[in-house]
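Below: the structure, in structure tokens.
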Amino acid sequence: MATLFATPATWADDEQPAADTPPTDQAAGEADRAATAAFRGDVEPLMQRFCVDCHSGDEPAGEMSLPEVLKRAPSAEDHEPCDTIPRRIRWCEMPPDDGEQPEPDQRDAIQAWIDGELERNGCGGARRPGRVTIRRLNRNEYNNTVRDLLGIDFKPADEFPSDDVGYGFDNIGDVLSMPPILLEKYLAAAEDIVERALGTNLTNGIRRPLEGGKDLGDGLRILTSTGEIRALMRTRGDGHYILRVRAYGDQAGDEPVRMGVFYNGEPIREFEVRATKDNPERYEVWIESTWARHLYSIKFLNDYYRPDEPGPNDRNLYVSDFEVMGPYPPSYKTIVPREHTPENRMLVAREVVNRFMRRAFRRPSTAAEVDRVLKLFSLADADGENFANAIGLAVQAMLVSPHFLFRVELDPPADDEDAIRELNDYEVATRLSYFLWSSMPDDELFALAYEGSLREPDNLARQVRRMLADPKSRALVDNFAGQWLQLRNLTTATPDAGVYPGFDDALRAAMRTETEMFFETILREDRSVLEFLDADFTFVNGRLAKHYGIDDIEGDEFRRVPLDQARRGGVLGHASVLTVTSNPTRTSPVKRGKWVLENLLGTPPPPPPEEVPPLEDVQLSGSLRQRMEQHRDNPVCASCHKLMDPLGFGLENYDGIGAWRDKDGEFDIDASGELPNGQTFAGPGELKKVLQQRQDDFLRCLAEKMLTYGLGRGVEYSDRCTVQDIAQAMADNQYKFSSLIIAVVTSDAFLKREGKGSSP
């Protein structure tokens, strides 16, 4: 793997490469030596001067020791220094305030050298794709997959245990464990799903006294000549019904008994009844019926009677167990797309299982897999179960299979763990659909996968645009935005009723709807992602408009409104974000500053030391800003708070539920701030301008968040170049939302997979 900070590997600075060294290797060696010379001459002295005093010895600051790193020159193995040093330098977080400070041009020299080496050695060639841990469907994915696989409006996963969260999202393979209770839930859910989708709970059909033919007792009737057996029945409602008849015949002549099924006098289906008295057969007919009284008839169509001929000479039809079952759910015909006869029952069952398995497992099925599941159907069928119940048992088995519950991707061959393989089209279709829809692929994705053409770049980009336009991309709003912007936390936010008497569930719901509609608009209209930082519009209803002080908006309907960007605009002005980053009784500049660092700039601070008490436990006085400044006098706190607090104070004009204010009690609001690099601002309008100046950091942060969500794994050091590529793709395409998604989907990280032994 190419190093971030390159050093010559086989000769000293004054040595020459061997005569037979290929020209490309010679050029690389010269570049390596030049880079090392630049490091030794320009960068190392600065780091020795400003960094080593704290980052050395038995207890180096931040557990980062630099002497050995500098001695050999930093390499790709030094992940922590290579990640941390540039960020600390860029934000002027280090050296600490009481230490000697480098001049701006000295900071720039270190940063420029690091950026140059990253481009020269890290991001000029192939990308390491990483590997995703085998991943089960989370609760949202399970519900959506059941919806799209079976066509039923049912959310069984709502009863499952909550999914664990990793790297900010609940679709991360490493944390999606399988507790024993979840397996029990899967078994129960499969039974409930089949019952709703196939109507297997319909145990009693509609039966009425039969007329016609000759009654032989015990519900058996015979037609000895052309005629009919009929019953008048009232169905239970509009929908799909199945008329079930048990029948056999006295066979005679040169053709089997023929039986016709009629509905209100119209022919529906004709059967050849080859069954005999010793082995009657069940015959089923589909009927789309309305809620009314209907006439159902069975007719004997080919009477045959030759008393003078030898052998069987009298053809008759026997009918029993005449009932109408239903109404069945519409999903029945989704799973079982055609009727069966006694002769082709197993063939239809195989078709149903094969088709369902391909879609449920999200890949082609094998004959052996289909045969194993069909054994369950055969057992139930032999035991006298109707077709729906028998096929339902097979469907239940597939719904608890690991191939349904998990998104399975095979590693490269076991004898070559360092190999990198391209995902096949079915695996890419699955990654793509669960990324954008939190659900299984649709027919178009399956068709492209079958053709082997999905991975073609034009097709991938075309599918991304199609899928973003589909209503199912709402899943990105619910699951990506809901976690990236922490909207889900709004459900459990508890602003104090004494401090904020205007807060209620209606306002809570309106807050969330505003942010969701804003995100969805950027998605649907393919707007610039920079509008997350600042925008000239938002969405409000009457309740939220009153909260924001916007006039002439009434009612529950949300509408798009223009904004004064100095006060609102972008997610930092949304009450949803401002509420989840507050305490119950007051604002929290620390939480808000930390939220900005984590979710907009991608530079999360380290967790606070255990020995530092919260602000409420310390006896302090004055305004919130004054109390925070006293709290920050603790040198253990200062290094992190000097970056978080100014960002949070820039939002102090918003109270704990996002309403605008100019005073906090008796104190005037001071929403000014100064960042460690000397940059100053006053109020949310100027703070947004500061963030816009750091749009490169925002683009990298958004790229990292979306890549994490799309892959289902944390972004690693080896992904730094992929993140940079995605950020650059946005910049090259007017920052359009679709360019973000397309760049993720067409990356090696999304389309390939490493073996277990690959270097990170």
Side-chain angles (χ1 to χ4, degrees), residues 138 140-141 143-145 147-148 169 171 362 407 423 425-449 453-485 487 513-533 535 537 539 560 571 698-699 701-712 722-723 725-747 749-751:
N138 67 20
N140 286 314
E141 292 168 341
N143 282 339
N144 292 342
T145 302
R147 175 199 67 200
D148 295 336
F169 298 101
N171 67 340
R362 304 170 287 274
R407 293 168 53 184
L423 298 178
D425 284 71
Y426 286 97
E427 291 168 327
V428 172
T430 296
R431 281 198 177 194
L432 186 58
S433 64
Y434 281 99
F435 174 25
L436 301 184
W437 290 344
S438 296
S439 187
M440 61 178 287
D442 66 355
D443 290 342
E444 185 166 336
L445 287 175
F446 277 134
L448 289 171
S453 60
L454 176 60
R455 289 174 296 170
E456 296 175 6
D458 289 347
N459 278 344
L460 278 175
R462 190 178 302 113
Q463 288 303 308
V464 165
R465 292 190 176 94
R466 177 184 73 87
M467 295 173 72
L468 289 177
D470 190 284
K472 287 191 287 188
S473 64
R474 169 73 193 194
L476 272 178
V477 181
D478 296 333
N479 302 324
F480 174 73
Q483 295 179 90
W484 169 43
L485 301 175
L487 301 180
T513 299
E514 174 197 19
T515 308
E516 290 176 341
M517 291 183 71
F518 178 75
F519 184 97
E520 190 166 9
T521 297
I522 291 178
L523 182 159
R524 300 259 180 249
E525 298 180 4
D526 202 12
R527 302 177 69 92
S528 168
V529 298
L530 297 181
E531 290 189 283
F532 288 124
L533 298 180
F537 71 94
F539 296 87
R560 188 170 179 158
V571 295
F698 171 69
L699 293 177
C701 176
L702 182 57
E704 184 172 317
K705 296 289 185 182
M706 193 65 78
L707 186 64
T708 298
Y709 178 80
L711 295 178
T722 298
V723 170
D725 291 344
I726 297 169
Q728 187 61 50
M730 287 187 277
D732 292 342
N733 291 276
Q734 301 176 301
Y735 310 102
K736 289 185 176 182
F737 188 87
S738 63
S739 68
L740 165 64
I741 304 300
I742 291 171
V744 170
V745 167
T746 56
S747 69
F750 197 87
L751 298 176

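Sequential numbering from 1 along the given sequence is applied to the chain's residues.
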> Minimum heavy-atom separation for Ser473 to Leu523, with atom names?
Replying inline: OG-CD2, 3.8 Å

> Among Thr145, Asn171, Asp478, Asn479, which one satisfies side chain to side chain donor-acceptor pair (under 3.5 Å) with Asn140?
Replying inline: Asn479

>> Please determine whether a side-chain nitrogen of the Lys or Arg among Glu141 and Arg362 lies less than 4.0 Å from a carboxylate oxygen of the Asp or Glu.
In response: no

> Which residues pass the ring-ring contact (aromatic ring centres under 6.0 Å, His included) test with Phe518, sequence neighbours left out?
Replying inline: Phe537, His574

> Where do Ile742 and Ala461 come nearest, in terms of heavy atoms and distance?
Replying inline: CD1-CB, 4.1 Å

>> Could you measure the distance from the CG atom of Leu432 to the CG atom of Asp442? Nearest 0.5 Å is fine.
In response: 9.5 Å

> Going by the angle between their ring planes, with limits at 30° and 60°, are Phe446 and Tyr426 parallel, tilted or perpendicular?
Replying inline: tilted

>> Looking only at side-chain N and O atoms, does Asp526 offer a donor or acceptor that is under 3.5 Å from a partner on Ser738?
In response: yes

> Any idea which heavy atoms bring Asn144 and Ser439 closest together, and the distance?
Replying inline: O-OG, 3.2 Å

> Does Glu525 CD have over 12 foreign heavy atoms under 6.0 Å away?
Replying inline: yes

> Shortest non-hydrogen contact from Ser453 to Asp425?
Replying inline: N-OD2, 3.5 Å

>> I need the minimum non-hydrogen distance between Ser747 and Leu707, along with the two atoms involved.
In response: OG-CD1, 4.3 Å

>> Counting the benzene-type ring for Trp, do Phe737 and Phe519 have ring centres under 6.0 Å apart?
In response: yes

> Do the charged groups of Lys472 and Asp148 touch, with an N to O distance under 4.0 Å?
Replying inline: yes

> Measuring from Arg431:CZ to Glu427:CD, what's the distance to the nearest 0.5 Å?
Replying inline: 8.0 Å

> Looking at Met706 and Leu740, what are the two nearest heavy atoms and their distance?
Replying inline: CE-CD2, 3.7 Å

>> Rounded at 0.5 Å granularity, tell me how far OG in Ser528 sits from CG in Asn733.
In response: 11.5 Å

> In terms of ring plane angle, is the pair Phe750 and Phe435 parallel, tilted or perpendicular, where the classes change at 30° and 60°?
Replying inline: tilted

